Amino acid sequence: MIKVSVSKTTAKGYATGQAYIVRQQEVTIDQNKITQQEVQREIYRYEDAVLKAKEELKELAKKSPIFEAHMILVEDMMLYDGVVNKIKDEFNNAEAALQRTGNEFVEMFENIDDEYMRERATDMKDVTFRIMRHLKGIPENAFLNMTKPCIVVANDLTPSEVSQMNMKFVVGLITQEGGITSHVSIIAKNMGIPCFVGVDGILEKVKSDDIIIMDALESEILIHPDEATINLYEKSAIAYSQRQQEIKRMGNLPSVTVDQRKFCLCGNVGSLEDIKQAILQPIDGIGLFRSEFLYMEKDHFPTEQEQFDAYQNAALLLEKKELIIRTLDIGGDKKLKYYEFMNEENPFLGYRAIRICLDQPEIFKTQLRAILRASAYGNIKIMFPMIISLEELYEAKRILEACKGELTKEEIDFDKDIKVGMMIETPASVFLAEDFAKEVDFFSIGTNDLTQYILAVDRGNQKIATLYNTYHPAVLRAIYHTILSGHKQGILVGMCGEFASDKKAAKLLLGMGLDEFSMSAAEVADVKYELRKTSFHKVQEMLNEVLNASSVEEVLNLIVDL
Ligand code: PEP
Ligand code: MG
């Protein structure tokens, strides 16, 4: 048996099946030079192939919106002009002109410094191949010989290829290339089947019909497993699917522990699309709307109206559920295309988040006015990031009050009682938690940053990734101190850092008294399932010992049975 570890896993679960290897369809392109008289004929041939590709895509788009994006690419005027110019000016035949233009586009996408855009190279390859097939009269590869449960293994899979598969038989997908934002990942996630992407060299290790097991919980591929291993995994797969069914069933049950302690589960989002997904999960609201994504996807600072539209839509989607909008948190590793950040030795300790907003109040006011206006349409709360001093908080609140004054004068409606909170993500805010708690309506602990600042460990540095551990006693004690300080002043304390979705951590945090757990919405059902099985009192009983532990190892040993 061969074991292969993988790093990019999308949908979770297990799959066992025979390998179905997909090889790229080989197409030879004749590079004939054509004559002036043949130019028009080649243009017609190209236009005819595009038309046929469009007809196919129209049908496919009824099944998956991915193909709507392909329709746009197929009709792209730059692609058309690129091909036609090579036919007219360089006397390429239609096939050669398409191949060259397609490659230029793919290369351009692959060189963009953004994973999402790089993935679009696959769409371009897919679209040009579809047109090429029609030019050459090649029928679609129909994956006809798929007749039993199989795990598809390929260099990369285009949406077209996935759409041709008989999904009744596909139990898992593995590709050598691609990232977690590739379409194949998205499709697998929607279907709930395990999918590993970017598995280097897998095509050299697996042959057609080899039995393989995908363990998407441990992120492993087992090639040629023995009988005993297959049986073991069969049992795990049954247990996993029972658990998933129970999780689904439990969606509408109340968020309470076995001893009736209530907890609140929320989603972290960065866009309206995320909210649409999040509301399908058992969430009580949105505990963190990372508003900076609105700024990052534009080519200008979003106007008050643009922001108002987004926040209003978000509030309406959530009906009356809580929506905590965090004000702009750029800087650090989050940059804007249209704003030049000065070079800094330590960007994470530099000009970021609330520091920028207080330094450039016009930017801040535009956002605050938009949030306030949207607050008339739902249960919106405002949250300030990266606060380190009371002066900063007072200044942020002063600007907020000024915005409220303006809107009142302009007779624009907003929630006069809008709640204002702050993130606790700096050591300074932990030490001053009690003072801050007198000034805000809620805290949300940002463990992603809090961990890096307390431990002085860069959260994005792979080399020291093992040092970055929120179970470090210093971080746990800081979290506990924050919860106690908040409660002493009667305010709610939530957490929107990743730690809230760690199942063991969630139980520990519940015992510490945390009121709200906010996380990527896909994790909510799992955490709810775990917390509903937990006894609040039992965790409380062990809390002192955990908080007195002096090393990560000691902490982990103490909570091993949680
Ligand atoms: C955090 O720091 O924990 C947090 C939630 O904010 P972000 O990850 O956006 O910095
Ligand atoms: Mg943060």
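Keep in mind that what you see is a predicted model, and the values were worked out from it rather than measured. Atoms within each ligand, like the ligands themselves, are counted from 1 in listed order.
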Handout entry: Non-hydrogen side-chain atoms of E68 and I72 separated by less than 4.5 Å
Key = no
Problem - Those protein residues which place at least one heavy atom below 4.0 Å from ligand 1 - result: L288, R290, R326, K334, M423, E425, G446, T447, N448, D449, R459, C496, G497
Handout entry: Residue of the set Q307, Q305, E410 for which side chain to side chain donor-acceptor pair (under 3.5 Å) holds with R373
Key = Q305
Exercise for the section: Using the test side-chain hydrogen bond (donor to acceptor under 3.5 Å, both in side chains), find all partners of D441 that sit at least two apart in sequence or belong to another chain. Expected result: none
Exercise for the section: Evaluate whether atom CG of D435 has more than 12 neighbouring non-hydrogen atoms of other residues, nucleotides or ligands under 6.0 angstrom away. Expected result: yes
Practice task
Check the surroundings of atom CG in N111: do more than 12 heavy atoms from other residues, nucleotides or ligands lie under 6.0 Å from it?
Solution key: yes
Exercise for the section: Pick out which of R290, R355, R352 makes a salt bridge (charged side-chain N to carboxylate O under 4.0 Å, His left out) with D329. Expected result: R352
Practice task
Identify, with sequence neighbours excluded, every residue that meets salt bridge (charged side-chain N to carboxylate O under 4.0 Å, His left out) alongside K397.
Solution key: E439
Handout entry: the Mg ion (ligand 2): protein N, O or S atoms [distance under 2.8 Å]
Key = E425 OE1, D449 OD2
Handout entry: Centroid separation Y471 to F499 less than 6.0 Å
Key = yes
Exercise for the section: Establish, for the pair K416 and F414, whether the NZ or CZ atom is under 6.0 angstrom from the six-membered ring centre and no further than 45 degrees off its axis. Expected result: yes
